[in-house]
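Chain identifiers are assigned alphabetically (A, B, ...) following the order of the sequence lines, protein sequences preceding nucleic acid strands; residue numbering begins at 1 within each chain.
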Amino acid sequence: MTIYGDNLRDAASTFVHQMNALLNKTLTYTPLRLSILHRTENGLRREFALVSFPRSGVGDSAIELKTRYGPMDLSLKQTLEAVRDENRRQVRLRTVSYGYTLQPHAWDDRLIRWEYVRFPGEDSFWSRHHVQGPLEFEILDDRDTIHNLTLNEWHLPTGWVPIEEVIRFCLHDLGAPALTARDGWHAALTESAEAFRTPYVAREDI
Amino acid sequence: MALEACKVSPQLPEHLRDAFDEGYLTQEQLREFIAFQAARLDLEFDEAVRRAHADTLPRNITGDDIRVLVSLLDR
């Protein structure tokens, strides 16, 4: 479903409400929060909504997951804006960027991050939807030279990554404790992803 | 046995916490929060902004946070 609202806060609140309902059935009772900010760009005032977990006392906005690989911090962030819809009197919600990050407590670096940037700089030619992380691998070329790389050196394209799939990864692959039985969280994630997939994210918006 | 210095993390100022609770941040509060987050990485505000634009901030969740916040500053 495309999210509409009377204004950005209204539309973004609908998104946050739906995401929190999903999180409450799957991964955490910690709710995502919404902050509205205004930015002046080339003389024009633009409004954005920043969605993230609540700020802790030291400023972080992540939740701790007890994974089978030890504790990790999960951060979910989206920056949203409202687009005037010519066919309606309401605005349509559009994602400007997202960043979904996992960082083990014992690490100084993030393990993995899925990112999207709708408006990269003019000198940015990388894939706007990508995944990165310090995951190491080697490529042996045809001159027997070994290239040691990490995934941080590439912008590995992913297409749009729904929050639902990040939650699924945390539950299934990392073994984070679920708030409901497997059938329950699987159904909740599938239903939510399907609802978002159809008209929620219009092709022109990604 | 020598005692190691215990580094206490600064706490988010109350007025910034209130701003997040209310769900609205002014540009001044945004700059102040970026400076707060930058200090956690031992960076000054201007350096953090420069490194955010150059994508050379530390590769951790705080660095990611600053990068997003800098994208919301006035231009």
- Item | When A:Asn152, A:Leu50, A:Asn42 are compared by non-hydrogen pairs under 4.5 Å with chain B, the top option | A:Asn152

- Note on the structure: Rounded to the nearest 0.5 angstrom, the CZ-OG distance for B:Arg67 and A:Ser97 is 9.0 Å

- Message: For A:Gln132, which atoms come within 4.5 Å of any heavy atom of chain B: side chain, backbone, both, or neither?
- Response: neither

- Query: Around atom CD of A:Glu136, are there more than 12 heavy atoms of other residues, nucleotides or ligands at under 6.0 Å?
  - Reply: no

- Query: With no hydrogens and no angle check, is any side-chain donor or acceptor of A:Arg39 less than 3.5 Å from a backbone partner on B:Ser71?
  - Reply: yes

- Message: Counting C-beta onward and ignoring hydrogens, is there a side-chain heavy-atom pair between B:Asn60 and A:Asp109 closer than 4.5 Å?
- Response: no

- Message: If the threshold is 4.0 Å, N to carboxylate O, is there a salt bridge linking B:Arg59 and A:Asp108?
- Response: no

- Between B:Gln11 and chain A, which part of the residue has a heavy atom less than 4.5 Å away: side chain, backbone, both or neither? both

- Task: Please say whether more than 12 non-hydrogen atoms of neighbouring residues, nucleotides or ligands are located less than 6.0 Å from CD in B:Glu44.
- Result: no

- Should we count NE2 of A:His38 as having more than 12 external heavy atoms under 6.0 Å? yes

- Message: Need one label for A:Leu37: side chain, backbone, both or neither, based on atoms under 4.5 Å from any heavy atom in chain B.
- Response: both

- From CG (B:Asp74) to OG1 (A:Thr40), nearest 0.5 Å: 4.0 Å

- Rounded to the nearest 0.5 Å, how far does OG of A:Ser52 lie from CZ of B:Phe20? 7.0 Å

- Could you tell me whether B:Asp64 and A:Lys77 have a side-chain N and a carboxylate O separated by less than 4.0 Å? no

- Message: Given heavy-atom pairs under 4.5 angstrom as the criterion, report whether the side chain, backbone, both or neither of B:Leu69 touches chain A.
- Response: side chain

- Task: Could you tell me which residues in residues 22-29 of chain B have at least one non-hydrogen atom under 4.5 Å from a non-hydrogen atom of chain A, sorted by residue number?
- Result: B:Glu22, B:Gly23, B:Tyr24, B:Leu25, B:Gln27

- Task: Could you check which of A:Gly59, A:Pro134, A:Ser56, A:Ala49 has the highest count of heavy-atom pairs closer than 4.5 Å to chain B?
- Result: A:Gly59

- Please report the closest heavy-atom contact between A:Val58 and B:Arg40, naming both atoms and the distance. O-NH1, 3.1 Å

- B:Asp65 with A:Arg55: basic N within carboxylate O range, under 4.0 Å: yes

- For A:Arg68, look at atom CZ and say whether over 12 heavy atoms of other residues, nucleotides or ligands are found less than 6.0 Å away. yes

- Query: CD1/B:Ile61 to CZ/A:Arg113 distance, rounded to the nearest 0.5 angstrom?
  - Reply: 11.0 Å

